[in-house]
Amino acid sequence: MIEYSMPLFRPPSEAKSFILQATIGCSHNECTYCAMYRKETQKFRIRPMDEIKAIIDEASETDDFNRVFIADGNALVIPQKRLVEIMEYLNNKCTCLERINMYANIGDILRKRVDDLKVLRQLGLQMVYIGFESGDEIVLERIKKGANYEQTVRACKMLKEAGIKNSAMVLLGVGGVDRSFEHAYATGKLLTDTDPEYVGALSLQIRPGAPIYQEWIEGKFQLPDKFQMIKELEIIIENTNLTDGYFFANHVSNYLPIKAKFPEDKEMVLEEIRKVLRNRDESVLRPDYYRDVINQY
Ligand code: SF4
């Protein structure tokens, strides 16, 4: 039986995929809001190739999967030669393979060449999930995201050139009360400038183990309240223009779940959000007890 190193995270949309845990943890592991992989317990490493091949062998003998998600936190960090070897092996073993997806950090993309990305695309890399979190430079510095606005735009252009789809995650509330507007405004602009195929908006949940938890306890970080987070969603959407994409805010962490196809549904969801902000009726929002579960993202 395949043994996973826990904790293991994957996007909700990868529920039906075979999870190939080719790396353990996240090579960055600095984001202040993140409690996913702790340095002390889950030091980042790439599994040896023989271990990865043995996992693929075992999985392909027991299942006929067509979708693969390569974990953990930023599998695109795997050096090109090794990643190509893994993906070629997957293609050889899994005859009905349709797609391979993974998480990526901006730096992982920038360290590759467009031609490298094109090779990965040919081997089945369909989409990468990227945590933008914010477009505001001050917020990006504060949360130690490890990438700025310009680098994010540049990396996303490389993905487009290589034909790899981009699912961008943004985080409501991560700018705190003091930069709530700036965070939301710049995030919308960043989404317009990067034009991802999918956007997922999540709401910050402060968890013990994440450095921001201590900042919050000490009063150095103030979390916007539920209506302020919904206001951020409004500002982000107002400033987001996607050529042809989906905007989801249906993650369990959100107070107001929405799903929209851009550009056609943009005004409709804005009206929906504005109505909630006008009426301030909490009964239409997701209750906190429902939001307060351990999420996968
Ligand atoms: S948010 Fe993503 S990139 Fe940042 S530390 Fe957590 S897993 Fe790593």
Side-chain angles (χ1 to χ4, degrees), residues 4-14 19-47 69-79 83 101-112 127-149 151-156 159 166-176 183 187 190-191 194 196 198-216 221 223 251-254 294-297:
Y4 289 104
S5 169
M6 303 307 278
L8 180 72
F9 298 90
R10 51 126 183 102
S13 49
E14 299 293 338
I19 311 294
L20 173 63
Q21 195 178 31
T23 70
I24 311 292
C26 161
S27 69
H28 179 55
N29 218 351
E30 291 286 339
C31 303
T32 62
Y33 56 87
C34 176
M36 285 165 76
Y37 311 104
R38 290 294 87 215
K39 284 175 196 158
E40 313 76 48
T41 53
Q42 208 155 9
K43 199 168 164 11
F44 174 77
R45 69 183 173 91
I46 302 172
R47 280 189 198 269
F69 179 76
I70 305 186
D72 275 338
N74 60 322
L76 196 71
V77 75
I78 300 172
L83 192 50
N101 292 344
M102 63 187 76
Y103 286 127
N105 285 344
I106 295 300
D108 306 333
I109 301 166
L110 294 177
R111 272 188 298 277
K112 299 206 187 287
M127 183 162 76
V128 290
Y129 299 88
I130 311 173
F132 287 6
E133 323 309 352
S134 180
D136 182 56
E137 300 286 14
I138 292 176
V139 172
L140 289 169
E141 281 272 327
R142 275 189 196 166
I143 63 173
K144 300 190 178 164
K145 190 62 221 174
N148 63 24
Y149 191 108
Q151 289 167 325
T152 305
V153 172
R154 198 153 34 96
C156 293
L159 290 177
N166 172 0
S167 179
M169 289 165 282
V170 299
L171 197 50
L172 306 178
V174 80
H183 159 59
T187 301
L190 180 62
L191 290 172
T194 50
Y198 297 92
V199 177
L202 287 72
S203 298
L204 176 62
Q205 290 175 297
I206 299 180
R207 300 200 181 282
I212 208 168
Y213 179 80
Q214 197 53 35
E215 293 174 25
W216 177 66
F221 178 84
L223 186 66
H251 187 263
V252 69
S253 62
N254 293 320
I294 300 295
N295 303 309
Q296 289 171 322
Y297 69 95

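Order of appearance sets the numbers: ligands from 1, and atoms from 1 within every ligand.
Proximity of a side-chain donor or acceptor of Tyr149 to a complementary backbone N or O of Leu190 within less than 3.5 Å is detected. Side-chain atoms of Asn74 do not come within 3.5 Å of backbone N or O of Val77 as any donor-acceptor pair.
By the criterion of a heavy-atom distance under 4.0 Å, the side chain of Asn105, and not its backbone, is placed next to ligand 1.
Side chains of Asp72 and Thr23: a donor-acceptor N/O pair is absent below 3.5 angstrom, by distance only.
Numbered from 1 in the order shown, with element, the atoms of ligand 1 that lie under 4.0 Å from a heavy atom of Glu30 read 5 (S). Ligand-side atoms of ligand 1 in range of Tyr33: 1 (S), range being under 4.0 angstrom from any heavy atom. Every atom of ligand 1 with a heavy atom of Tyr37 under 4.0 Å away is listed here by number and element: 7 (S). Below 4.0 Å from some heavy atom of Asn29 lie the following atoms of ligand 1, by number and element: 5 (S), 8 (Fe).
At a cut-off of 2.8 Å, Cys34 coordinates atom 6 (Fe) of ligand 1 through an N, O or S atom. Taking backbone and side chain together, Cys26 holds no N, O or S atom under 2.8 Å from atom 4 (Fe) of ligand 1.
Considering only residues two or more places apart in sequence or on other chains, Glu14 meets the salt bridge (Lys or Arg N to Asp or Glu O under 4.0 Å) condition with Arg99. Among residues two or more places apart in sequence or in another chain, the salt bridge (Lys or Arg N to Asp or Glu O under 4.0 Å) test is passed with Arg45 by none.
Of the candidates His28, Glu133, Lys145, Lys145 brings a heavy atom nearest to atom 2 (Fe) of ligand 1.
Just one residue in the list Tyr129, Tyr103, Phe69, Tyr37 forms a ring pair (Phe, Tyr, Trp, His ring centres under 6.0 Å) with Phe9, and that residue is Tyr37.
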